[in-house]
Amino acid sequence: MVVTRFAPSPTGFLHIGGARTALFNWLFARHHGGKYLLRIEDTDRKRSTDEAVSAIFGGLKWLGLDWDGEAVSQFERRARHAELANQLLAEGKAYHCYCTPEELTEMREAARKAGTSWLYDGRWRDRDPADAPAGIDPVVRLKAPQEGETVIQDLIQGEVRVANDQLDDMILLRGDGTPTYMLAVVVDDHDMGITHVVRGDDHLTNAFRQYQLFQALDWEIPAFAHMPLLHGSDGAKLSKRHGALGVEAYRDMGFLPEAVNNYLLRLGWSHGDDEIISREQAIEWFDLDAVGKSAARFDMDRLTSLNAHYITQATNTDLVDLVMPVIAEKLDGNVAPEAKTRLNEGINSLKERAKTIIELAENSVFYASHRPIEITPKALKNLDEDGRDIVELMRQKLDEFGDWSEEALETGARDLAAERGYNLGQIAQPLRAALTGSTASPSLFEIMQILGRTETLARLDDALQRST
RNA sequence: GUCCCCAUCGUCUAGUGGCCUAGGACAACGGCCUCUCACGCCGUAAACGGGGGUUCGAGUCCCCCUGGGGACGCCA
C-alpha cells in the first residue's frame, strides 16, 4: 500500500509552496487508495510554535487535505531517534566527533578560500576515543561510505547520482544528545511505513544522505519524488523567508479553496489541455509521472481567473454565507435586516461579476446598506440636474406601477425612455446611482424587483433630495 | 567556490523523431453582445535560449555553451 506524508516544520504558517507539496502527497495517496499522513517536524524547539502548528492544521483543513490518523510530533519521538543513533554507534557505523562549532567554521572558511568543497573532513572518524578532549560533548556522526556513489531513482527527477566523496559524515545526534533532522526523518519515515517521500526539490541533496542512513540501518528505502520548487513571479525561490503568503492570507483575499487547489495542481502537473479539474478528477488522474521537472512561477492572474470560475460554480447559499461577514465588516455592523433575503436573490447575477469573495462583497453592499445609501463620487456625477430629472420622471412613473416584476419594470423604463426621446442607457445610469450608489451593477430591473417597491421608491427619493 | 537539477508564447503548460506552417489556458489587444459592469462569443499578437552532432527527418536523442534554480548548519 502507498503511504505518503506531509512533514512541515511549524515555524510559520502553511505557505503556498507547502500547500502544493501537501496536495501532491494527498492526491498521490488517494489515487492509489493509500494513506496520507501528517508529521510535524518540531525538533527545533527554538523555532517551533503551537500557533504555527494550528496554522498548519487550519490551512490543510481549509484546503480539504485531510490526513489519516493523528498527526505525529517528531519531537515526541526523540527517544526513539536517539536509540537508533546509539545502535549505529554500537555497531561501529557511527562515531563520536569532538569538533567544536568554531573548529567547523574554521574548516569551512579554509575550504572556501582554497576553493574546495565545504565538507567535514572526518577527522574523528577513526580516531581513538582516548584522544577526546575534556569538556566537550561530542556529536554522533554517521560513518558514511567514502567511495563509490549514491544513486537515487527519483520518480520525478529520474536517476540522480552523486559521488560519495561529495557527502560528508552527517551529524545524527547533537552535542546535547538531541536528534538532528536527518536522523529523525529517516527513523520516522521508516516507523510510519512511508513508501513514497514526495517533497520539494530543495530536499534532493538531503535524499542522498538519508539514503545512506537507511542503508546503515538496514532498512528498506522508500521511493523518492522531488518536485520542482515554486518560485515567485520574479523567478526567485518562493519561501517563507522571502515573504510568501500563508494559505489563510489567500482565504482572506477572497479566494476559494477549490480555486487554490486547482491552481496549485496545475503548477508542475498537467493532464493534456485540461485546466479546470475537479477534486474527483484530480484523484483519478493524478500520478507522479506527469509531474514536470522545471520550477514554476506563482501567477496571481491565473489564480484569480480560476477563482472567478469557482465563484460562478459555487452555490448561492454558500456564497451568501461567505459574503455576509465581509459585508458586515464593511458596514461596521450596520446591516439592513433584509440584507440576507435580498442577497439570496441577487447573488446569482452578482457572482459572475466578481473574481474574489471580497469583490463580491463590495459589489453586494448596496443590498445590505441602510438608507440613505452611500454614493460614490463617480456615481454622483450621474445625479446632476439632468440625472435627477430622469429619476424624478421614473419615480412618478413607478408610483402608479402595479406589476413590480423585473419584466414589467423594464418595459416601463423602455416606454418612458421612448416617450422622452432617451435611450435606455441614458436613463439607466442615474437610476443605478440612486439605487446602488455605483456606476456598475447587475440589471437595474432585477435590483428594483429584489429591493421591492417601498425601498426602491425611497432610494429614489433619497437621491432627489440630495443637492449636488 | 563545489555538487545537483532545470530550459517551448509575458505566465502555466501540450508535445515523448515525421500528425508541429508548434496546440490550449491566463494575461494583453481588437470586435460582437449590451441599461452600466461583468459573463459569453469571435478574432489578433505572442515561444521551441545559442552552437555543434546523430538521423532520410529534431521542439522531441547526445555533447558543449549560456541562462536560471537548488543544496552545501550541532535549521528543518
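Convention: sequence-line order gives letters A, B, ...; per-chain numbering from 1. Only this structure's heavy atoms are used, side chains among them; waters, hydrogens and symmetry mates stay out.
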* A:Gln396 atom CD, over 12 foreign heavy atoms within 6.0 Å -> yes
* Asked: How close or far is atom P of B:rC4 from atom CG of A:Asp165, stated in whole angstroms?
  -> 10 Å
* Asked: More than 12 foreign heavy atoms under 6.0 Å from NZ of A:Lys381: is that the case here?
  -> no
* Rounded off to whole Å, could you give me the NE2-to-P distance for the A:His309 and B:rC12 pair? => 22 Å
* Using a distance-only test with no angle check, is there a side-chain donor-acceptor pair under 3.5 angstrom linking A:Gln429 and A:Arg432? -> yes
* To do: Quick one: look up who B:rG43 pairs with, Watson-Crick or G-U, both distances under 3.5 Å, and put none if it's unpaired.
  => B:rC29
* Please work out if A:Asn206 contacts a base, only the sugar-phosphate, or nothing of the nucleic acid, heavy-atom cut-off 4.0 Å. => base
* To do: Report the distance from atom OH of A:Tyr120 to atom P of B:rC3, rounded to the nearest whole Å.
  => 22 Å
* Would you say A:Arg20's side chain and A:Leu267's backbone share a donor-acceptor pair under 3.5 angstrom? -> yes
* To do: Describe the nucleic acid contact of A:Thr304 in one word from base, sugar-phosphate, nothing, applying a heavy-atom distance below 4.0 Å.
  => nothing
* Report which part of the nucleic acid A:Gly268 touches: base, sugar-phosphate, or nothing (heavy-atom distance under 4.0 Å, all strands). => sugar-phosphate
* Please report, rounded to the nearest Å, how far the P atom of B:rG24 is from the CD1 atom of A:Ile277. => 17 Å
* Span that lies between the C1' atom of B:rC39 and that of B:rU34, in whole angstrom -> 11 Å
* To do: In whole angstrom, give me the gap between the P atoms of B:rG30 and B:rC48.
  => 26 Å
* Find the distance A:Leu306:CG to B:rU13:P and express it as a whole number of Å. => 13 Å
* Structure fact -> Against the side chain of A:Asp301, the closest entry in B:rG24, B:rG69, B:rA27 is B:rA27
* A:Val139 near the nucleic acid: base, sugar-phosphate alone, or nothing, with a heavy-atom cut-off under 4.0 Å? -> base
* Asked: Under 4.0 angstrom, heavy atoms only, what part of the nucleic acid is A:Glu275 near: base, sugar-phosphate, or nothing?
  -> base
* Structure fact -> Of the candidates B:rA76, B:rG24, B:rG70, the side chain of A:Arg302 sits closest to B:rG24
* Side-chain donor-acceptor contact under 3.5 Å, A:Asp386 with A:Gln426 -> no
* Short side-chain to backbone donor-acceptor contact, A:Arg388 and A:Leu383, under 3.5 Å -> yes
* **Heavy atoms from other residues, nucleotides or ligands near CD of A:Glu419 exceed 12 (cutoff 6.0 Å)** => yes
* Give a yes/no verdict on a cation-pi contact between A:Arg45 and A:Phe75, requiring under 6.0 Å between NZ or CZ and the six-membered ring centre and an angle within 45° of the axis. => yes
* Structure fact -> With the side chain defined as heavy atoms from C-beta on, A:Glu41 is closest, among B:rU11, B:rA76, B:rA25, to B:rA76
* Protein proximity profile, nucleotides 32-47 of chain B - base contact B, sugar-phosphate-only contact S, no contact -, cut-off 4.0 Å on heavy atoms -> ---BBBBS--------
* **Same-atom distance (C1') from B:rC9 to B:rG18, integer angstrom** => 24 Å
* What is the distance, rounded to the nearest whole Å, between atom CZ of A:Arg47 and atom P of B:rC74? -> 14 Å
* Asked: With nearest nucleotides of RNA chain B determined for A:Asp42 and A:Ser270 from heavy-atom distances, which residue corresponds to the more 5′ nucleotide?
  -> A:Ser270
* **Distance test, side-chain N/O of A:Lys293 to OP1/OP2 of B:rC6, below 4.0 Å** => yes
* Residues A:Glu83, A:Arg80: salt bridge by 4.0 Å N-O rule -> yes
* Which residue lies more 5' along RNA chain B, comparing A:His271 with A:Leu104 via nearest heavy atoms -> A:His271
* Now, which nucleotide makes the Watson-Crick or G-U wobble pair with B:rC74, with each of the two distances under 3.5 Å? -> none
* Asked: Looking across every strand, which nucleic acid part, if any, lies under 4.0 Å from A:Cys97 by heavy atom: base, sugar-phosphate, or nothing?
  -> nothing
* Please report, rounded to the nearest Å, how far the P atom of B:rC26 is from the CG atom of A:Asn262. => 12 Å
* Asked: If you measure from the C1' atom in B:rA47 to the same atom in B:rU21, how many Å do you get, rounded?
  -> 15 Å
* Asked: Reckon A:Arg209 has a side-chain N or O less than 4.0 Å from the OP1 or OP2 of B:rG73?
  -> no
* Asked: For A:Asp188 and A:His81, does a side-chain donor sit closer than 3.5 Å to a side-chain acceptor?
  -> yes
* **Separation of the C1' atoms in B:rA27 and B:rU13, to the nearest angstrom** => 14 Å
* Structure fact -> From the candidates B:rC6, B:rC4, B:rC12, the one with an atom nearest any side-chain atom of A:Leu204 is B:rC4
* Asked: Taking CG from A:Leu167 and P from B:rA71, how many angstroms apart are they, rounded to a whole number?
  -> 16 Å
* Considering Watson-Crick and G-U wobble pairs with both distances under 3.5 Å, what does B:rC20 pair with? -> none
* Asked: With a 4.0 Å cut-off on heavy atoms, is A:His203 in touch with a base, just the backbone sugar-phosphate, or nothing at all?
  -> base
* Which nucleotide in B:rC26, B:rU13, B:rG70 has an atom nearest any side-chain atom of A:Arg266 -> B:rU13
* Can you tell me the pairing partner of B:rA14 across any strand shown, Watson-Crick or G-U wobble, with both distances under 3.5 angstrom? => none
* Using purine N1 to pyrimidine N3 plus N6-O4 or O6-N4 for Watson-Crick, or N1-O2 and O6-N3 for G-U wobble, both under 3.5 Å, which nucleotide pairs with B:rC61? -> B:rG53
* Ignoring hydrogens and angles, answer whether the base of B:rG23 and the side-chain atoms of A:Asp273 contain a donor-acceptor pair closer than 3.5 Å. => yes
* Asked: Are A:Thr43 and B:rA76 close enough that a side-chain N or O sits under 4.0 Å from OP1 or OP2?
  -> yes
